[in-house]
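All values below were derived from every heavy atom in this structure, side-chain atoms included, with hydrogens, water molecules and symmetry-related copies excluded. The sequence lines fix the lettering, A, B, ..., with proteins before strands; numbering per chain opens at 1. Quick caveat, the model's predicted, so the values are computed rather than measured.
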Number of protein chains: 2
Amino acid sequence: MASYHHGSLRAALLAAAETILQREGINALTLRAAAREAGVSHTAPAHHFNDLAGLLSALAALGFSRLHDFARAEAGNVEIPDQLLAHARGYIAFARAHPELFKLMFRSERLDWDHPDLASAAAHAYSLLTPAAGERPAHIGHSQDALADTMARWSYVHGLAMLLIDGRLSAGVSMSPGADEDTLIADLIKRLQRLDGRGHR
Amino acid sequence: MASYHHGSLRAALLAAAETILQREGINALTLRAAAREAGVSHTAPAHHFNDLAGLLSALAALGFSRLHDFARAEAGNVEIPDQLLAHARGYIAFARAHPELFKLMFRSERLDWDHPDLASAAAHAYSLLTPAAGERPAHIGHSQDALADTMARWSYVHGLAMLLIDGRLSAGVSMSPGADEDTLIADLIKRLQRLDGRGHR
DNA sequence: GGATTATCTTTCCACTGTCTAGTTCATGTA
DNA sequence: TACATGAACTAGACAGTGGAAAGATAATCC
């Protein structure tokens with residue numbers, strides 16, 4: 001039963017890490033804890049992930065990949081012009097569904113952003129918020145305006161997700177009795193459209 | 001010279017902690033490192049801050065207090081209707097001026113948000129983004145709309161600050177040659193106004 | 001089949017947060 | 001002034017952590 005070689009230890013360690021993350025939070029997610037959960041010695045993870053930062057970065061990269069798929073799935077049922085909002089809804093839904101993983105992905109100071117897998121997975125996920133072909137039919141401006149649009153969208157969705165995972169939005173809603181959280185979030189997401197285009201005020 | 005009682009060790013430890021934070025980053029900011037920097041024994045901080053989380057939370061609370069003052073100072077030279085934008089400019093300027101402290105305040109999983117000082121300091125800073133008297137002259141809606149406005153502003157400014165401290169905005173700007181970073185940021189901040197009011201689309 | 005290499009274990013070290021017990025000093029009370 | 005009380009700080013110890021060897025095992029390639 002106890003084979004010296006695990007065979008797929010890397011995947012097993014990632015699964016173990018995610019289990020710990022959900023069960024005990026990010027502060028309990030250590031190299032040794034992941035090794036214990038996977039039933040291997042405490043130095044085994046180093047061979048696959050190098051560092052603790054390497055393990056966390058790999059898990060975060062996996063999270064970004066899932067986030068991307070989540071947003072794409074949400075956008076699958078929707079007409080082209082509404083895809084941006086669908087992607088934003090997917091982002092927010094993912095944040096609410098996997099708060100601990102989301103915190104790791106966005107708020108952790110332990111990640112190594114020089115890790116190529118993490119950087120590319122994050123860039124891939126964020127690419128959903130860039131102005132894509134067909135989404136901005138008429139007024140496709142200069143690339144500089146497009147950059148500003150992307151930044152604005154990115155900021156807004158990113159910030160909204162932050163508020164959600166910190167529980168501050170729930171706190172605010174509870175202070176305003178009668179407000180439905182889902183309705184409020186839907187309203188907030190819709191405002192994303194207003195950020196587009198360079199201002200003329 | 002070596003008096004047994006320091007007299008103002010709490011303040012000295014906070015200053016030491018900030019020094020370490022700027023010099024070596026948040027991962028090097030430990031209880032023992034702060035004690036070393038202040039020249040006291042490694043268990044001295046516990047008496048003033050209880051935990052490591054206590055020390056970091058106290059430092060973060062100090063950061064929120066400074067952030068508030070920063071934003072207020074920016075708004076001091078500006079007419080009433082533009083105060084919201086001035087506050088936002090202050091936020092962003094603070095984030096760019098003190099990136100490590102900003103990361104600690106917003107991105108650290110090591111803070112204890114049950115700590116009353118931290119919670120109140122953060123709430124105080126964020127109150128600058130709530131619709132205040134005189135700022136929304138005509139269409140002061142229901143309190144529920146006001147909540148949504150606050151959340152929207154908060155999300156946007158919060159998210160923009162995040163992008164900045166992660167260096168992603170700089171990366172984006174560098175990809176678009178000829179773009180001036182300050183100009184881009186100013187444009188992005190101006191878009192904050194468009195988020196107000198419940199959408200009718 | 002034999003050498004090579006990737007995978008995993010054992011042992012060890014410096015460092016961390018935190019507990020317990022002591023030491024020094026300031027301050028209030030008679 | 002004498003003394004008690006308690007706050008501020010030190011010293012030492014402990015378990016847990018990341019990480020660096022160095023060794024053991026198994027799969028793979030020739």
Rounded to whole Å, how long is the line connecting atom NE2 of H48(B) with atom C1' of dG17(C)?
17 Å
Measure from CG on L9(B) to C1' on dA7(D) and round the result to the nearest Å.
13 Å
Where do M105(A) and L67(A) land on the side chain to side chain contact (heavy atoms under 4.5 Å, CB included) test, with the steps shown first?
CA-CA 10 Å; M105(A) 292 158 58; L67(A) 170 60; 4.0 Å; yes
Using a cutoff of under 3.5 Å, can you pull out all pairs of nitrogen or oxygen atoms linking the protein to nucleotides 17-20 of chain D, with atom names and distances?
residue : atom : partner : partner atom : Å
dT17(D) : OP2  : R36(A)  : NH1          : 3.4
dG18(D) : OP1  : L31(A)  : N            : 2.9
dG18(D) : OP2  : L31(A)  : N            : 3.4
dG18(D) : OP2  : R32(A)  : N            : 3.2
dG18(D) : N7   : R32(A)  : NH1          : 2.4
dG18(D) : O6   : R32(A)  : NH1          : 3.2
dG19(D) : OP1  : D51(A)  : OD1          : 2.9
dG19(D) : OP2  : L52(A)  : N            : 3.0
dG19(D) : O6   : H42(A)  : NE2          : 3.0

Between D182(A) and R96(A), does any side-chain N to carboxylate O distance fall below 4.0 Å?
yes
Check for me whether the distance between the ring centres of F106(A) and H158(A) falls short of 6.0 Å.
yes
Side-chain donor/acceptor pairs under 3.5 Å, residues 110-118 of chain B, sequence neighbours excluded:
residue : atom : partner : partner atom : Å
R110(B) : NH1  : E109(A) : OE2          : 2.5
D112(B) : OD1  : D114(B) : N            : 3.1
H115(B) : ND1  : D117(B) : N            : 3.3

What is the separation between atom CZ on F49(B) and atom P on dG17(C), rounded to the nearest whole Å?
14 Å
Could you check whether A46(A) gets within reach of a base, just the sugar-phosphate, or nothing at all, counting any heavy atom under 4.0 Å?
nothing
With F49(B) as partner, the option from L31(B), L56(B), L14(B) fulfilling side chain to side chain contact (heavy atoms under 4.5 Å, CB included) is L14(B)
From NE2 of H47(A) across to P of dA21(D) the rounded distance in Å is 15 Å
Would you say the ring centers of H98(A) and F94(A) fall short of 6.0 Å from each other?
yes
Whole-Å distance separating the CG atom of D112(B) from the C1' atom of dG17(C)
15 Å
